Amino acid sequence: MPSLKRDVAVPLVLLALLTLGAIAVPTLSTDDPRAMGDVIAQRFLPPFTTDGHGGFHLLGTDRFGRDIFARTMLAARVSLVIGVLGSLLAGAIGIALGAFSAWRGGVVDRLLMSAADALLAIPRLILLLVCAALWRPGMWTVIAVLVATGWMAVARLVRAEVLGLRSRPFVEAASALGARPSRILWRHVLPNALGSATVAITLGVGGAILLESGLSFLGLGVQPPQPSWGNMIADGRDAIVIAPWVALAPGLALIVTVVASTFLGDALRDRLAGESATALRDRA
Amino acid sequence: MRNAVRHLVSSAILFWIVLTITFLLTRAAPGDPTTLLIAPGASAEEQARMRAELGLDAPLLVQYARWAGRLFKGDLGESFARRAPVSTVLAEAIPVSVGLGAISMALTFLLGIAIGMYQAARRGTVSDRALTIATTTVYAAPSFWLALALIATFTYGAARWGFPAWLRLPAFGMRDPASDATGLSALADLARHAVLPVLTLAAIGAAGIARYSRTIAADLLSQDFVRTARAKGATPGRVYLRHVLSNAWPPLIVLLALAIPGLLAGSVFVEGVFAWPGMGRVTLAAVAARDYPVILGATAVYAAAVILANLAADLALPLVDPRRRA
């Protein structure tokens, strides 16, 4: 087995720790991170303090005396699921449509690609806002909307790769040997076209997490009492002047996650793709 | 010339498709905007009358035809919620966003390119790695989080760490509501209020551009013509300005066009957090109130900005890159 290089290992370990924390911390924490604590004695405790009941609060408490560390880890569940699913599903649809479009060519290709261009011409956040605000907010709406607004870039990438691969000698060889077009696409073209898509999907996880936090910050995403990083930051906004840690702590978890997925994407790009993968991300 | 015309036509078609998609999206959404507009306790007939008044009772195709017909005459319709022409609502908001965006954009590019080229020149050193981590971290921060962090620093932090008076920057609004200053002192007041929003947008933008321009510059520095120039004894300054920067223009122009949607989106949150009455706030309010005409108008502005930026980049590329002249 080839040894894992540091540029892949470090972000992977960070993401694994975070996932572990998201699974373990809310389960093991003594109080329900969603329930109110002893509001009078425990509200707005700064980070690294022990409350009157002997409970230690690594990241402090919010206005209801709830432990911010436990809530941040509970929120990580939602944010990670949305980030990974949102980017993965969008990527899958993008790969399918991009490959189909390039393979079919003609009118289908032109129609699909002009639809992609039209959707790309609206800033993704605006598109997200319009969709998320008009339908009922919640985790699945956010994922659906992320997928609906996120497939275009991957579709463009994969289409370009497939078009480039179609005239390569090994594809002609396969077709001369009598392979069916579907087999050529599946066995010879697609595996070679997926490098830049993989990079785009990995980088897209960070983008999806950022966009989810943005929607939840505006109240259009994940709804309380279910915590997500975005709605926790929104929650601390009113107290920013007296207890800034309430809003800032969940953001740190978010930043660590997005940085890790960005470095992972960069490391993959160095191995798999040229500079074709998108460098500027949709963001909130 | 023919190339320019072709670009122009396809941009116009694209713009029309974008507007149609948005129109269909608003109409396909469940719910009824009149429930938010009408006084509580109004009867069903009153609500039906309101729907008719706003033209929402007509079949979808008729609504689309009416809307498109008005749009051709340059009429964007009337805001449901504010009962004012959409053009007025947008005309009030656009200068705020354009001002904020233009200053942030200029800073974004100056800072971003400088950092990226510095890193490329010192590739692999500790300062390069440190800057990569710094730019990636800033670029990973949501704009509203960065805005709140700045506000916390200049309110909570300013009190705790005893900032001097001139460093206590205002965190909300565009001007001091208590002051009736005019002329220069009003401008100074506006500038003080602009520091934090501009800083938020420029920091995130510059971080993204730095990441990108580092790659471009590092790529160029390893090219043969740079080695030749160095071998001929060109000074480092000449190498960077003549050989690297002049070859970096085409990708940077494309980047400028690509950066505009991000800046527009970022300003939605920054205007929201800092309470600046720009396009971002108008969009958020319109979305919350299901104010269809304003949503469509705002999307039209955003889409026009993106499409025009791409068009400008397409037309400008041959000017800086002779290889692209047909």
Side-chain angles (χ1 to χ4, degrees), chain A residues 114-115 117-136 206 209-211 213-214 217-220 229-230 233-234 236-237 239-245 247-248 250-252 254-263 266 269 275 278-284, chain B residues 13-15 17-18 20-22 25-26 28-31 133 136-137 139-146 148-149 151-153 155-157 159 171 204 208-209 211-212 215-216 219 255 258-262 264-266 268-269 272-273 283-284 287-288 290 295 298-299 302-303 305-307 310:
Chain A
S114 45
D117 283 344
L119 288 173
L120 281 172
I122 316 175
R124 189 170 174 199
L125 183 81
I126 307 302
L127 206 56
L128 274 172
L129 277 182
V130 173
C131 296
L134 298 181
W135 276 271
R136 218 163 58 107
I209 289 178
L210 274 170
L211 289 167
S213 77
F217 178 76
L218 297 173
L220 301 171
W229 290 330
I233 296 173
R237 186 180 165 184
I240 193 74
V241 176
I242 53 163
W245 56 87
L248 299 187
L252 291 178
L254 186 154
I255 290 172
V256 169
T257 314
V258 177
V259 167
S261 79
T262 308
F263 278 135
D266 285 351
R269 169 163 47 209
E275 83 283 26
T278 41
L280 284 183
R281 114 170 29 105
D282 302 293
R283 51 166 310 116
Chain B
I13 295 174
L14 189 58
F15 184 64
I17 298 176
V18 168
T20 305
I21 290 176
T22 319
L25 265 180
T26 56
I133 293 176
T136 310
T137 307
Y139 197 53
S143 49
F144 53 90
W145 185 87
L146 202 61
L148 287 173
I151 290 177
T153 310
T155 53
Y156 183 82
I204 292 177
I209 300 293
R211 274 172 58 78
Y212 195 86
T215 318
I216 299 173
D219 214 40
L255 193 61
L258 284 176
I260 284 180
L264 291 172
V268 170
F269 288 100
V273 171
T283 310
L284 287 178
V287 163
R290 286 175 181 268
I295 294 178
T299 317
Y302 284 122
V306 174
I307 291 172
N310 282 324

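Numbered from 1 within each chain, the chains take letters A, B, ... in sequence-line order. Treat the numbers as computed from the prediction; the structure is a model and nothing was measured. Computed from heavy atoms alone, side chains included, the values below leave out hydrogens, waters and symmetry copies.
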So which of B/Thr283, B/Leu284, B/Thr299 has the biggest tally of heavy-atom pairs under 4.5 Å with chain A? B/Leu284
What part of B/Val268 gets within 4.5 angstrom of chain A, counting heavy atoms only: side chain, backbone, both, or neither? side chain
Say you draw a straight line from CG of A/Asp266 to OG1 of B/Thr136; how long is it, rounded to the nearest 0.5 Å? 6.5 Å
Cut-off 4.5 Å, heavy atoms of chain B, and the answer for A/Ile209 is neither
With chain B, the option among A/Leu119, A/Leu220, A/Leu248, A/Leu129 that has the most non-hydrogen atom pairs under 4.5 Å is A/Leu248
B/Ile295 versus A/Val130, closest heavy-atom pair with distance: CG2-CG2, 3.8 Å
At a 4.5 Å cut-off on heavy atoms, which part of B/Thr22 comes close to chain A: side chain, backbone, both, or neither? side chain
Under 4.5 Å to a heavy atom of chain B? For A/Leu254 that would be side chain
Once you measure the plane-to-plane angle for B/Phe144 and A/Phe217, does it fall in the parallel (<30°), tilted (30-60°) or perpendicular (>60°) bin? parallel
Do you know the tightest heavy-atom contact between A/Arg237 and A/Ala247? N-CB, 4.2 Å
Any chance you could measure B/Ile307, atom CD1, to B/Ile13, atom CD1, to the nearest 0.5 Å? 11.0 Å
Restricting to non-hydrogen atoms, name the atom on B/Ile17 and the atom on A/Ala118 that form the minimum distance, rounded to 0.1 Å. CG2-CB, 3.5 Å
Name the member of A/Leu218, A/Asp117, A/Leu128, A/Val256 that forms the most heavy-atom pairs with chain B at distances under 4.5 Å. A/Leu218
What part of B/Ile21 lies closer than 4.5 angstrom to a heavy atom of chain A: side chain, backbone, both or neither? side chain
